[in-house]
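Report on the following structure.
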Amino acid sequence: MDGAVAKTVLACLVPMSAAVLGSVWAARRPPGARARSAIQHFAAGLVFAVAATELIPDLQQNHRTGAVIAGFCVGVAVMLLIDVAAKRAERGPSSSPMPMLVVTGIDLVVDGLLLGIAFSEGGAVGPLLTLALTMEMLGLGVALAVALLRAGERTVRVVATTFAVSCCVLVGGVLGSSLLSNLGADALSVVLAFATAALLYLVTEELLTEAHETEDTPVLTAMFFVGFLVILVLSFNA
C-alpha cells in the first residue's frame, strides 16, 4: 500500500472512532444542547485554523492564481449542492432517516477526500486536519444518534448505522490519497483550493450554524478560539 494511502487509512480510523463514540454517548445519555454547541464551536475553530494556518498560506505562496480561483469556485459549488440536497431531504414527506443518512454520507466522502489530499500533500496539514475532523465527527455522531433515536431506532442499530455512515470518510480518504497523489502542479492547485473552500464552508455554514441553534454564551463562543489556538500552537511545533 502506498505510504500516503496507508497514512490516510490510519488517520480516517480516528474520526470514525469518534463518530461511533459520539453515537454511544448520545444513546446512553444524550448530551444537552450546550454541550453539543461547545463541541461544534471547538471543532469549527480547529477546522478554520487548519485552513488559515496551513492551506491558505500554501496556496498564496506555491500555486498559480488561475488554478486556485477555479478550484475554490468548484469547491463552493459542490458544497452548495450538498447543502441544497440536505435541505430537500429534511423537507421531504418521508419520516425515514435514509435521505439524511445519504446526504451525510456524501458530506463525509468529501471530508475523507480532504484528508486524503492533505496526506498526499505532506507536511503538518494531514495530522492537524485529522484532529479537526475528529472533533467534527464526534459532534456528528451525537447528532446522528439523537435523530435516529427520535425516529424510533434501537441503540444497537443506532451505533451500527453511525459506524456505516462514518465509513464514507474512509472511502473518500482512500480515493483522495490514491487518485490525487501524482497530480501535476495546476491540478494539485485546483484540488487544494477545492479543499480550502470545502473546509471554510464546513465552518461557516455547518458547524457554526448548528452551534448557534443554541443561545450563545461567552464560554461557548470562547470554545471556537480555543480550538483555533490549539491548531495554531501545534502548527508552530510541526
Task: I106 side chain reached by C168 side chain, heavy atoms, under 4.5 Å - done: no

Open item on the list: So which atom in V174 and which in T8 form the shortest heavy-atom distance, rounded to 0.1 Å?
Closed with: N-CG2, 4.4 Å

- [ ] Evaluate the side-chain proximity of P127 to F119: yes if any heavy-atom separation is below 4.5 Å, no if none is.
- [x] yes

Task: Pairwise side-chain contact, H212 with H41, heavy-atom cut-off 4.5 Å (strictly under) - done: yes

Open item on the list: Does any part of the side chain of L199, heavy atoms only, come nearer than 4.5 Å to the side chain of L129, both counted from C-beta?
Closed with: yes

Open item on the list: Quick check: is V102 connected to L80 through a chain of hydrophobic side chains (ILVMFWY, heavy atoms under 4.5 Å apart)?
Closed with: yes

Task: Exercise: identify the closest heavy-atom pair between L208 and A44 - done: CD2-CB, 3.7 Å

Open item on the list: Within the 4.5 Å heavy-atom criterion, are R64 and D186 side-chain neighbours or not?
Closed with: yes

- [ ] Give a yes or no on whether V190 and F72 share a hydrophobic cluster (residues Ile, Leu, Val, Met, Phe, Trp, Tyr; joining criterion: side-chain heavy atoms under 4.5 Å apart).
- [x] no

Task: For A132 against V50, the heavy-atom pair lying closest together - done: CB-CG2, 4.3 Å

Open item on the list: Are more than 12 heavy atoms, taken from residues, nucleotides or ligands other than F42, located less than 6.0 Å from that residue's CZ atom?
Closed with: yes

Task: Same apolar cluster (I L V M F W Y, side chains within < 4.5 Å links), L133/L234 - done: yes

Task: Considering all heavy atoms, the nearest S166-M137 contact - done: CB-CE, 3.7 Å

- [ ] Evaluate the side-chain proximity of Y201 to D83: yes if any heavy-atom separation is below 4.5 Å, no if none is.
- [x] yes

TODO: Flag the pair R36 / T214 as yes when at least one side-chain heavy-atom distance between them is below 4.5 Å, and no otherwise.
DONE: no

Task: Contact summary for L128 and S235, nearest pair of heavy atoms - done: CD1-CB, 4.2 Å

- [ ] Kindly indicate whether the side chain of I231, heavy atoms from C-beta on, has any atom under 4.5 Å from the side chain of E54.
- [x] no

Open item on the list: Restricting to non-hydrogen atoms, name the atom on L115 and the atom on C12 that form the minimum distance, rounded to 0.1 Å.
Closed with: CD2-SG, 3.8 Å

